[in-house]
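To keep things clear, I will list the structure first and then write my remarks on it.
For this chain, numbers begin at 1 and follow the sequence in order.
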Amino acid sequence: MPYLEVFAYLQLLDFLTTLVALRLGGQEMSPFIRWLMGWGPVTGVALAKVGAFLLAGVCIWLRRERILRWCNYWFAALVLWNLSMILRALTVT
């Protein structure tokens, strides 16, 4: 199941790039994640990742692996977005 490994790596990359972007002054765009971040940025993003892995488990259990493959594209785009925000913040300062 290489798509599951890719999913896990993308979750880790999203977690790390989100925290770096927040540290550099960025803001979370998702209202749900912003709400979770009421417990702190690391805790909020970590809870979102736990939720993502739970949903991935449900997809595997229901044999909906195709959904995970589409999620990989989405999270790859999010990681690229985070990286672009990090680069923008670094060039502005």
Side-chain angles (χ1 to χ4, degrees):
M1 295 191 297
Y3 58 87
L4 191 56
E5 290 176 13
V6 170
F7 182 81
Y9 287 128
L10 287 171
Q11 293 305 309
L12 177 63
L13 286 172
D14 183 42
F15 178 78
L16 294 173
T17 57
T18 298
L19 291 180
V20 170
L22 289 172
R23 182 102 177 171
L24 292 172
Q27 294 183 356
E28 177 59 49
M29 298 302 292
S30 167
F32 179 67
I33 307 302
R34 266 187 287 170
W35 177 75
L36 288 176
M37 288 172 53
W39 290 295
V42 175
T43 304
V45 177
L47 286 172
K49 297 299 138 193
V50 168
F53 278 106
L54 288 174
L55 289 174
V58 169
C59 287
I60 291 169
W61 183 57
L62 294 175
R63 300 187 190 278
R64 303 286 188 199
E65 291 89 3
R66 186 174 9 151
I67 294 172
L68 279 182
R69 287 189 207 117
W70 281 105
C71 287
N72 285 343
Y73 291 117
W74 172 257
F75 280 105
L78 282 176
V79 169
L80 288 174
W81 173 262
N82 287 344
L83 288 172
S84 71
M85 293 296 105
I86 290 168
L87 288 173
R88 176 192 258 178
L90 290 174
T91 57
V92 168
T93 56

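- Through direct or relayed side-chain contacts under 4.5 Å between Ile, Leu, Val, Met, Phe, Trp and Tyr, Leu54 connects to Val50.
- Tracing side-chain contacts under 4.5 Å through hydrophobic residues (I, L, V, M, F, W, Y), one reaches Leu12 starting from Val45; they form part of the same cluster.
- Side-chain heavy-atom separations under 4.5 angstrom define the hydrophobic clusters, and the remaining members of the one that includes Leu62 are Val58, Trp61.
- For the pair Ala48 and Ile33, the tightest heavy-atom approach, listed with the atom from each and the gap, is CB-CD1, 3.3 Å.
- Hydrophobic cluster membership is shared by Leu13 and Leu83, with clusters built from Ile, Leu, Val, Met, Phe, Trp and Tyr side chains linked at under 4.5 angstrom.
- Here Leu78 pairs with Asp14, Trp74, Phe75 under the side chain to side chain contact (heavy atoms under 4.5 Å, CB included) rule; sequence neighbours left out.
- Through side-chain heavy atoms spaced under 4.5 Å, either directly or across other Ile, Leu, Val, Met, Phe, Trp or Tyr residues, Leu55 is tied to no other residue.
- Scored by the ring-ring contact (aromatic ring centres under 6.0 Å, His included) test, Trp39 finds Trp35 as partners (sequence neighbours excluded).
- Rounded to the nearest 0.5 angstrom, Met37 CE and Thr18 OG1 are separated by 9.0 Å.
- Here salt bridge (Lys or Arg N to Asp or Glu O under 4.0 Å) pairs that include residues 76-87, with residues two or more places apart or in two chains, number zero.
- Applying the under-4.5 Å side-chain rule to Ile, Leu, Val, Met, Phe, Trp and Tyr, the cluster around Met29 consists of that residue alone.
- Listed by first and then second residue, the side-chain hydrogen bond (donor to acceptor under 3.5 Å, both in side chains) pairs that reach into residues 21-34 come to none, sequence neighbours excluded.
- Connection of Leu47 to Leu22 is established within a shared hydrophobic cluster, with ILVMFWY side chains joined at heavy-atom distances below 4.5 Å, either directly or through further cluster members.
- With sequence neighbours excluded, the residues forming a ring-ring contact (aromatic ring centres under 6.0 Å, His included) with Phe53 are Phe7, listed by chain and number.
- Val6 and Leu68 fall within a single hydrophobic cluster, where Ile, Leu, Val, Met, Phe, Trp and Tyr are joined by side-chain heavy atoms under 4.5 Å apart, directly or via other members.
- Scored by the side chain to side chain contact (heavy atoms under 4.5 Å, CB included) test, Ile67 finds Cys59, Arg64, Cys71 as partners (sequence neighbours excluded).
- Not counting sequence neighbours, the partners of Val42 by the side chain to side chain contact (heavy atoms under 4.5 Å, CB included) test are Phe15, Leu19.
- Val20 meets the side chain to side chain contact (heavy atoms under 4.5 Å, CB included) test with Leu24, Ile86; sequence neighbours excluded.
- Considering CD of Gln11 and CG of Asn72, their distance stands at 8.5 Å, rounded to 0.5 Å.
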